[in-house]
Amino acid sequence: MLVLTPAVRAETTIRIATYAAPLSRDGPGLLLRDILFGEDPQITAILGVIDHVAPDVLVLTDTDYDAGGVALAALSDRLQHPYPYRFTAAPNAGRQTGLDVDGNGRTGEARDALGYGRFFGDGGMAVLSRYPIDATKVRDLTPTLWRDVPGAVMPVLDGAPFPSQQVLDVLPVSSASHWIVPVEIGGVTLSLLAFSATSPVFDGPEDFNGLRNRDELRLWEAVLDGAMGPVPERPILIGNANVEPFDGDGLRDGIAAVLARPDLQDPAPRSRGGAQAADPDHRGDPALDTADWSDDGPGNLRVSYVLPARALTVMDAGVFWPAPDDPAAGLLGDDQGTAGPHHLVWVDLRQPTP
C-alpha cells in the first residue's frame, strides 16, 4: 500500500482523514497521563499510524475531551510534525441529564447522559490541522434536539414515547458532537461536517439507538439541504457513522441515503488488509471496511467515512489497513490490533483555487 508523506505529495494536494482511534480512557485526566508517560503501547501505535499517513487535516473520534485541550496538545506534540491548529469542544458524551434515558428505572449511569459516557467528555472528538481553523466561525450543532431534526423518527414502545416524553423533550440527536469546522486553505474554505454517531445496537424493541444513529445522519442531510441555515462552503462529511449500507446492524437506509446524495461523492477508500480479512457471509466489498471487529461479533464493517462535496476533485483515497505482508503492518502492533479495531481513512483532494 502506497501512502505518500507531505514531502512527497504534490503541493496542490490536501490529505483529509478521520480516525476512530481509541483515545478514551476509564476516567477524566487519564488520557493526558498516558500520553505524557509515553509508555502506553496503544497510544504509541496510534501516533505511528498518524505519522505514517501524515494527514493535513485529521478528525479524531473517540478521544476524551478536556476543557483546556491539554491532552490534545500533548498528543500533537508527540507526533513527528505537530499540528499548529487544533479544535475541540464539549461533547454530549457523559453529560448527565438527571433522567432515566435508557428506561431501566435508574439514573446517573453512563447511558443516562445526553450521549453515552462514563464521565463528561468520555469519547469526544477533535480536529488537528496544518491549515488555519477559525474557531469563531465553527457552527456547533451538538445541542440540536433530536425532535427538531427534519424527518426524525422518535422511539416508541407499546404506543408511548420511549423512555419518556420528558427525556425526548431535552435529548439532542448528537450522541457526541456535530460540528461544521471551516478550514482555510490558500484563501479557500473547506467545511468539515464532523461527527461521531452512536452505535445502533445495545437497545430493545424500541430501537432507540438505531433510530438515533440514523437521525444523526439526517441532521447532516438537513444541513446540506439548507434546512439548518446557510449550506456550508465545500462541505466534507467526515467521521464515524457507526453504520454501513450492506452489513452489520443498524438502519442502513440512513447511510445509504447519504452515499446517494448528488452533492457528495464517495471516493470509496480501499485497503489490501481489509480485502484479505473478508467476512465470507458479508455482502459489502471487504476492501472498503474500516473496522476489524471479532467474527463472533459484527465482523469487519465500513463505518468511518470521508465524503467530499461533488465540486471537489479527489486525487486518491485509502484505508490504512496494510496486508500482513506489508512492512507498514508493524505500525498496528505485533498482532495488528494494538492500535484498536478502527483504521484511519484518508482522501487526497486537489487544492481548490479561489
Side-chain angles (χ1 to χ4, degrees), residues 1 3 15-25 31 34 40-53 55 57-64 75 91 93 116 122-128 175-177 194-202 213 216 237-244 247-250 255 267-279 282 284-295 297-307 317-324 328-333 335-347:
M1 179 183 62
V3 177
R15 177 160 291 175
I16 311 292
T18 187
Y19 192 9
L23 291 170
S24 183
R25 294 299 182 263
L31 176 61
D34 291 347
D40 188 310
Q42 187 172 71
I43 292 176
T44 299
I46 291 167
L47 292 169
V49 169
I50 297 173
D51 280 332
H52 183 77
V53 181
V57 181
L58 174 62
V59 174
L60 290 170
T61 59
D62 195 22
T63 181
D64 290 343
L75 183 77
Y116 178 89
D122 180 10
M125 301 194 333
V127 180
L128 298 170
S175 56
S177 299
F195 77 121
S196 179
T198 190
S199 173
V201 293
F202 309 117
N213 174 280
E216 288 187 83
L237 198 156
I238 183 168
N240 182 8
N242 245 325
V243 69
E244 72 146 82
D247 301 300
D249 294 312
I255 188 63
R270 299 172 178 271
S271 72
R272 285 182 58 219
Q276 294 187 16
D279 293 293
H282 282 192
D285 183 350
L288 298 174
D289 289 342
T290 67
D292 183 9
W293 282 307
S294 170
D295 291 343
N300 303 338
L301 298 173
R302 183 188 187 190
V303 294
S304 292
Y305 298 84
V306 181
L307 306 175
V319 178
F320 184 73
W321 189 344
L331 292 171
L332 300 176
D335 58 355
Q336 294 198 49
T338 304
H342 292 272
H343 294 272
L344 186 149
V345 180
W346 56 271
V347 172

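As the structure is a prediction and not an experimental result, all values here were calculated from the model. We're numbering straight along the sequence, starting at 1. Worth knowing before you read on, the calculation uses all heavy atoms, side chains too, and leaves out hydrogens, waters and symmetry mates.
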For this session: Answer yes or no: is there a side-chain heavy-atom contact under 4.5 Å between T18 and N240?
Result: no

Exercise. Closest approach of A197 and N242, non-hydrogen atoms and distance?
Worked result: O-ND2, 2.9 Å

Exercise. How far does OG1 of T338 sit from CD of Q42, to the nearest 0.5 angstrom?
Worked result: 8.0 Å

For this session: Identify the heavy atoms of L331 and A45 that sit nearest to each other, and give their distance.
Result: O-CB, 3.6 Å

Exercise. Between OH of Y19 and CD1 of I50, what distance do you get to the nearest 0.5 Å?
Worked result: 6.5 Å

Problem set entry | Separation of L301 CG from D292 CG (nearest 0.5 Å) | 10.0 Å

For this session: Would you name the heavy atoms of G123 and A176 that are closest together and state the gap between them?
Result: O-CB, 4.3 Å

For this session: Supply the atom-to-atom distance M125 CE to S177 OG, rounded to the nearest 0.5 angstrom.
Result: 4.5 Å

For this session: Report the distance from atom CG of L58 to atom CD1 of I16, rounding to the nearest 0.5 Å.
Result: 10.0 Å

Problem set entry | Identified side-chain hydrogen bond (donor to acceptor under 3.5 Å, both in side chains) partner of R25 from the options T63, D122, D40 | D40

For this session: Have a look at P269 and tell me which of T290, V345, L344, V306 forms a side-chain contact (heavy atoms from CB on, under 4.5 Å) with it.
Result: V345

Exercise. Given side chains that start at C-beta, do those of W293 and P298 come closer than 4.5 Å, heavy atoms only?
Worked result: yes

For this session: Could you tell me whether a side-chain N or O of D289 sits under 3.5 Å from a main-chain N or O of A275, the two making a donor and an acceptor?
Result: no

For this session: Measure the shortest side-chain to side-chain distance between I46 and P22 over non-hydrogen atoms and say whether it is less than 4.5 angstrom.
Result: yes

For this session: Compare all side-chain heavy atoms of L307 with those of V347 and state whether any distance is below 4.5 angstrom.
Result: no

For this session: Starting from the C-alpha separation in whole Å, work towards a yes-or-no answer on side chain to side chain contact (heavy atoms under 4.5 Å, CB included) for L23 and D34.
Result: CA-CA 10 Å; L23 291 170; D34 291 347; over 6 Å; no

Exercise. With a 4.5 Å limit on heavy-atom distance, are the side chains of R302 and D247 in contact?
Worked result: no

Problem set entry | Minimal non-hydrogen separation, A93 against Y116, with atom names | CB-O, 3.6 Å

Exercise. Side-chain donor-acceptor pair under 3.5 Å between S175 and E216, yes or no?
Worked result: yes

Exercise. Heavy-atom distance under 4.5 Å between the side chains of D279 and D295, does that happen here?
Worked result: yes

For this session: State, yes or no, whether a side-chain contact exists between S271 and H343 at a heavy-atom distance under 4.5 Å.
Result: no

For this session: Taking all heavy atoms of I238 and all of A17, pick out the closest pair and write down the distance.
Result: CD1-O, 3.4 Å

For this session: Before accepting this row, confirm whether a basic side-chain N of the pair D285/R270 lies closer than 4.0 Å to the acidic partner's carboxylate O.
Result: yes

Exercise. To the nearest 0.5 Å, what is the distance between OG (S304) and CG (L288)?
Worked result: 12.5 Å

Seminar exercise, completed: In terms of heavy-atom contacts, V243 and Y305 come closest through O-OH, 2.9 Å

Exercise. What about H342 and W321, are their ring centers closer than 6.0 Å?
Worked result: no

For this session: Taking the side chain as every heavy atom from C-beta outward, state whether F320 and L332 have any atom pair closer than 4.5 Å.
Result: yes

